[in-house]
Amino acid sequence: MHFIFSDEVVLLFDFWSVHSPTGMALSVLVILLLAVLYESIKVGKARLLHQALMNLSIPTSQQLIEEADQDSSSSDSLPVSRSPLRWFLCHFGQTLLHVAQVVVGYFMMLAVMSYNTWIFFGVVLGSGVGYYLAYPLLSMT
Amino acid sequence: MGMNMDMSGGDNSTMPPHHHPTTSSDHSHDHMMMMMPMTFYFGFKDVELLFSGLVINTAGEMAGAFVAVFLLAMFYEGLKIAREGLLRKSQVSIRYNSMPVPGPNGTILMETHKTVGQQMLSFPHLLQTVLHIIQVVISYFLMLIFMTYNGYLCIAVAAGAGTGYFLFSWKKAVVVDITEHCH
């Protein structure tokens, strides 16, 4: 088994069979968007975690840095949950994102397993573009 | 997946005509391409799972395999969270290094560096290493299971990962930032 340059591939599902250069270009674009989606899901999960911790009123490291100058006398060791329902929804949302991340990650692995070089380039480029676009959003509040 | 020339093994992708009418043109390719299915399918006949003796032939065996894969994926998520917790608890060895540095106006200031780490031969690090090996092996097993392209098993992996994340990350979301307030 080795990487080949080819315009013919069957990707993941029976109906996704590619025979022509235009079909291959379109498939590479779809795989690229899939990789961008994967990176965005990772960032989305981290942001939901941040929100869940804020709902639990546990000071996150960012808030502690902001509070460093002020006299924070309300820092207990026990979390006071402001809204259990909102925290639960955040956690459930994180779980759904996690399942989506696992599935998309495995789909990308199976796409690379087709040993088609164009598809592989699509995955790599998509990961790069996705990282470039999504990670700055991580530190946005 | 051995190189046995038994065409019935794993050949669900081309033999049943109602499954894959589009791949009928693949008969001209060499037989090696048809050993492993390359597209998703739902079936429980002749499904080879990881090891040579482990072949699923009936619906009951597929149900058992579904449960086993589900639990394996759940265990994997739990192992990840457990390793994080163990790492945090064992990082108690803090070394402070103070060095004099020149400050403004020619005064000498003491700069303190804090390093947090483990010793190589300490028990926590050895335990982390053993757990890491187990985690790597399980993650590759899950990848290989997903690579069977069997729809039921893939759903089991995804559902197990989701359930495991839901159950174990619950604890993580409550505990994580209480201790990590210095970073």
Side-chain angles (χ1 to χ4, degrees), chain A residues 1 8-19 45 48-65 67-68 72 75-79 81 87-88 90-116, chain B residues 13-14 16 18-26 29 32-33 35-42 73 76-77 80-81 139-140 142-149 151 153-183:
Chain A
M1 304 277 301
E8 297 211 352
V9 75
V10 180
L11 272 179
L12 294 176
F13 300 100
D14 301 325
F15 53 80
W16 196 350
S17 77
V18 182
H19 300 293
K45 236 180 30 164
L48 261 186
L49 179 65
H50 185 89
Q51 244 188 341
L53 290 171
M54 292 207 326
N55 283 334
L56 216 42
S57 81
I58 296 174
T60 58
S61 43
Q62 276 180 321
Q63 286 173 319
L64 278 169
I65 291 173
E67 280 182 6
S72 54
S75 55
D76 329 83
S77 53
L78 285 176
S81 79
W87 177 83
F88 180 80
C90 271
H91 187 63
F92 193 69
Q94 268 177 270
T95 304
L96 291 182
L97 280 183
H98 182 77
V99 174
Q101 185 185 330
V102 164
V103 171
V104 172
Y106 275 122
F107 277 9
M108 277 167 45
M109 176 207 69
L110 291 173
V112 172
M113 228 177 76
S114 67
Y115 265 104
N116 188 295
Chain B
S13 51
T14 49
H18 57 276
H19 261 220
H20 308 259
T22 56
T23 57
S24 54
S25 59
D26 281 351
H29 293 194
M32 288 299 177
M33 295 289 287
M35 278 305 164
M36 275 171 39
M38 294 303 272
T39 53
F40 285 111
Y41 69 96
F42 282 97
Y76 176 72
E77 294 292 329
K80 279 203 291 192
I81 305 295
S139 71
Y140 274 119
L142 289 174
M143 176 197 76
L144 290 171
I145 289 173
F146 212 94
M147 246 171 67
T148 63
Y149 270 106
L153 297 179
C154 296
I155 289 176
V157 170
T163 314
Y165 180 89
F166 183 76
L167 293 178
F168 294 112
S169 254
W170 175 298
K171 220 166 71 151
K172 166 184 168 178
V174 173
V175 168
V176 69
D177 258 27
I178 292 183
T179 54
E180 288 196 313
H181 54 273
C182 285
H183 309 312

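In the text below, chain A, chain B and the rest are named by the order of the sequence lines, each starting its count at 1.
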For atom CZ of A:F13, decide whether the heavy atoms of other residues, nucleotides or ligands shown that lie under 6.0 angstrom number more than 12. yes
Side chain to side chain, A:F107 and B:F146, heavy atoms closer than 4.5 Å: yes
Distance-minimising heavy-atom pair for A:V103 and B:A158: CG2-CB, 3.6 Å
4.5 Å side-chain heavy-atom contact, B:F40 and A:D14: no
So CE of B:M143 and CE of A:M109: to nearest 0.5 Å the spacing works out to 6.0 Å
Distance in Å, B:L142 CG paired with A:Y106 OH, rounded so as to fall on 0.5 Å steps: 4.5 Å
How long is the gap from CD on A:Q101 to OH on B:Y165, to the nearest 0.5 Å? 8.5 Å
Any idea which heavy atoms bring B:G162 and A:T95 closest together, and the distance? O-CG2, 3.2 Å
Out of the candidates A:Q94, A:K45, A:H98, A:H91, only one should pair with B:S169 under the side chain to side chain contact (heavy atoms under 4.5 Å, CB included) rule; please name it. A:H91
Validation row: A:W16, B:T39 side chains within 4.5 angstrom (heavy atoms): no
To the nearest 0.5 Å, how far apart are CE in B:M36 and CE in A:M113? 4.0 Å
